[in-house]
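Structure first, commentary second.
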Amino acid sequence: MKEYFANIPKIPYEGPKSNNPLAFRYYNPDEIIGGKKMREQLKFALSYWHTMCGDGTDMFGRGTQDKTFGETDPMAIYKAKAEAAFELMDKLSVDYFCFHDRDIAPEGETLAESNERLDEMCGLIRELQKKYDKKLLWGTANCFNNPRYMHGAGTAPSADVFAFAAAQIKKALELTVAMGGKGYVFWGGREGYETLLNTDMGLELDNMARLLKMAVKYARSIGFDGDFYIEPKPKEPTKHQYDFDSATVISFLRKHGLDKDFKLNVEANHATLAGHTFQHELRVARTEGFFGSIDANQGDMLIGWDTDQFPTNVYETALCMYEVIKAGGFTNGGLNFDAKTRRGSYTPEDIVYSYIAGMDAFALGLRIAMKMIEDGRIDSFVADRYASWKTGIGADIIAGNADLESLEKYVLEKGDVIDSVTSGRQEYLENILNSIMFSL
């Protein structure tokens, strides 16, 4: 078999003092952290669309990266992509991958032709999975790129488009099961609106719920026992997307009775586009019982769109992994690098450098998060800050033994409560975080 990254060795762990650009400094896959191997705590996944298909095209210029891998025939190109993907995963010690249906096979003139191509590629990918011992983290369908989806898929005003999307999702579910995936993601690429002047919002949201219920029913019937995920995003490509943020999605799932099958796939860059921090979106998902999986990337705070950069902000990765640990760790989910090299980083080596940077950033984040918990000062401060809810009037309120009349009586007897207000000590806590981060 052809070697596609011939100049890249298997990336070793050499420790923090290494200056080797083709080595990990913080990611040591089989090191035990918090009772598990790092590879199990982090569950890194390769994003097929950016890594194997993205060529650097943007709205201002054509591609700068050749992702044909030396082939010209469409199916030969996609077979080469698959072989290159598994070689890359092997050299990077990445155990999982994620895909859209149109990432792994070229779309045909008809749905039947597309499905035939998908079946052929599925056979090859399963062989490569076995050869390299790699797993599918989650699959999904690209129901946003083709012009038929210009007004949405599950929320399209056309029933025919809805039906086509349903058929496409059916096949993507079958592929996910065939490849052993334990997750299936719905990202509403165009499930939203540009103007309410031409939109029946109620019908569109109800139809989206109908499609999700159909997907759950069919997937369970063919043996899928994993998690379904919705990936929140507030805007882009549509002006306003229905999966705006974690809280919006959770409300939708509960309203439509989908909360037993669905969790969230939270992306860092989507969080900031919604005006939230990455940690906020994870905290909402965790506290509401919807934490599932993560798309690992970061955005540029000076640019108002989804830049999908490889994550290198260690503050973000540390606070992310703090939430993951507090959630009990990943079950079916993991850390998918929904990230792409910059347009000017166009060589195959740049892909490897990018993954090393992202994997090291999250490995360092995991180490810091574990130290935050072991150190205990931040958790102890939060516990002390809310101590009044453990006894006395606070405990009565939580137990349901208080009402407005009894609380009025309590305050009239107690007098002003200003002495009960304590400092939040934000700067003190931020300095503790710094001391933990930079004492490694």
Side-chain angles (χ1 to χ4, degrees), residues 1-11 22 27 29 39 42-57 63 65-107 117-142 172 175-176 178-183 185 293 295-297 308 310 334-341 345-359:
M1 183 180 292
K2 179 180 177 181
E3 189 174 5
Y4 295 91
F5 295 88
N7 296 327
I8 304 299
K10 190 171 179 67
I11 306 302
L22 293 175
Y27 181 56
R39 68 191 328 138
L42 296 165
K43 294 182 69 176
F44 288 133
L46 174 143
S47 63
Y48 214 100
W49 50 101
H50 284 319
T51 306
M52 309 318 301
C53 302
D55 66 358
T57 298
Q65 304 163 32
D66 182 2
K67 296 291 179 70
T68 62
F69 297 96
E71 303 292 343
T72 55
D73 174 75
M75 282 298 289
I77 291 172
Y78 280 80
K79 289 176 181 177
K81 288 181 190 291
E83 293 169 355
F86 281 85
E87 177 192 330
L88 183 60
M89 283 188 277
D90 182 59
K91 290 183 173 181
L92 285 167
S93 296
V94 170
D95 295 329
Y96 296 85
F97 66 102
C98 301
F99 74 89
H100 302 80
D101 51 358
R102 301 303 179 235
D103 302 330
I104 63 172
E107 186 167 8
R117 292 175 173 180
L118 286 168
D119 286 337
E120 183 176 353
M121 287 303 305
C122 181
L124 173 59
I125 289 173
R126 290 179 67 182
E127 291 176 7
L128 292 168
Q129 283 183 272
K130 184 177 180 180
K131 175 181 177 180
Y132 289 99
D133 189 25
K134 303 300 179 185
K135 301 175 183 178
L136 174 63
L137 189 68
W138 51 255
T140 188
N142 182 329
L175 295 168
T176 300
M179 296 180 198
K182 292 296 183 180
V185 169
S293 198
D295 269 12
N297 60 21
D308 283 338
F310 271 87
L335 284 164
N336 168 51
F337 283 109
D338 187 8
K340 55 191 175 186
T341 58
S345 300
Y346 65 90
T347 72
E349 290 81 6
D350 287 316
I351 297 173
V352 178
Y353 295 144
S354 297
Y355 268 91
I356 291 172
M359 293 167 75

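Just so you know, these numbers use all the heavy atoms, side chains as well, and skip hydrogens, waters and symmetry mates. Positions are given from 1 along the sequence.
- Residues Met359 and Val94 have side chains in contact (heavy-atom distance under 4.5 Å, counting atoms from C-beta outward).
- For Tyr78, there are no ring pair (Phe, Tyr, Trp, His ring centres under 6.0 Å) partners two or more places apart in sequence or in a different chain.
- The closest side-chain donor-acceptor pair between Thr51 and Tyr355 falls under 3.5 angstrom.
- If you check the side chains of Asn336 and Asp295, you find a donor sitting under 3.5 Å from an acceptor.
- For the ring pair (Phe, Tyr, Trp, His ring centres under 6.0 Å) test, no residue two or more places apart in sequence or in another chain qualifies with Tyr96.
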* Check step by step if side chain to side chain contact (heavy atoms under 4.5 Å, CB included) holds for Asp55 and Lys340. => CA-CA 9 Å; Asp55 66 358; Lys340 55 191 175 186; over 6 Å; no

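- Residues Tyr27 and Phe44 place their aromatic rings such that the two centres sit under 6.0 Å apart.
- Annotation: Lys10, atom NZ; neighbour count of heavy atoms from other residues, nucleotides and ligands within 6.0 Å is above 12.
- Every residue was checked against the side-chain hydrogen bond (donor to acceptor under 3.5 Å, both in side chains) condition with Lys134, not counting sequence neighbours, and none meets it.
- For Phe97 and Phe86, the gap between ring centers is short of 6.0 Å.
- Under the side-chain hydrogen bond (donor to acceptor under 3.5 Å, both in side chains) criterion, Asp73 pairs with no residue at all, not counting sequence neighbours.
- For His50, the ring pair (Phe, Tyr, Trp, His ring centres under 6.0 Å) test picks out no residue, with sequence neighbours left out.
- The salt bridge (charged side-chain N to carboxylate O under 4.0 Å, His left out) pairs that include a residue from residues 79-89 are Lys79-Glu120, Glu87-Lys91, where partners are two or more places apart or lie in different chains.
- Counting heavy atoms of neighbouring residues, nucleotides and ligands inside a 6.0 Å radius, atom CZ of Arg39 exceeds 12 of them.
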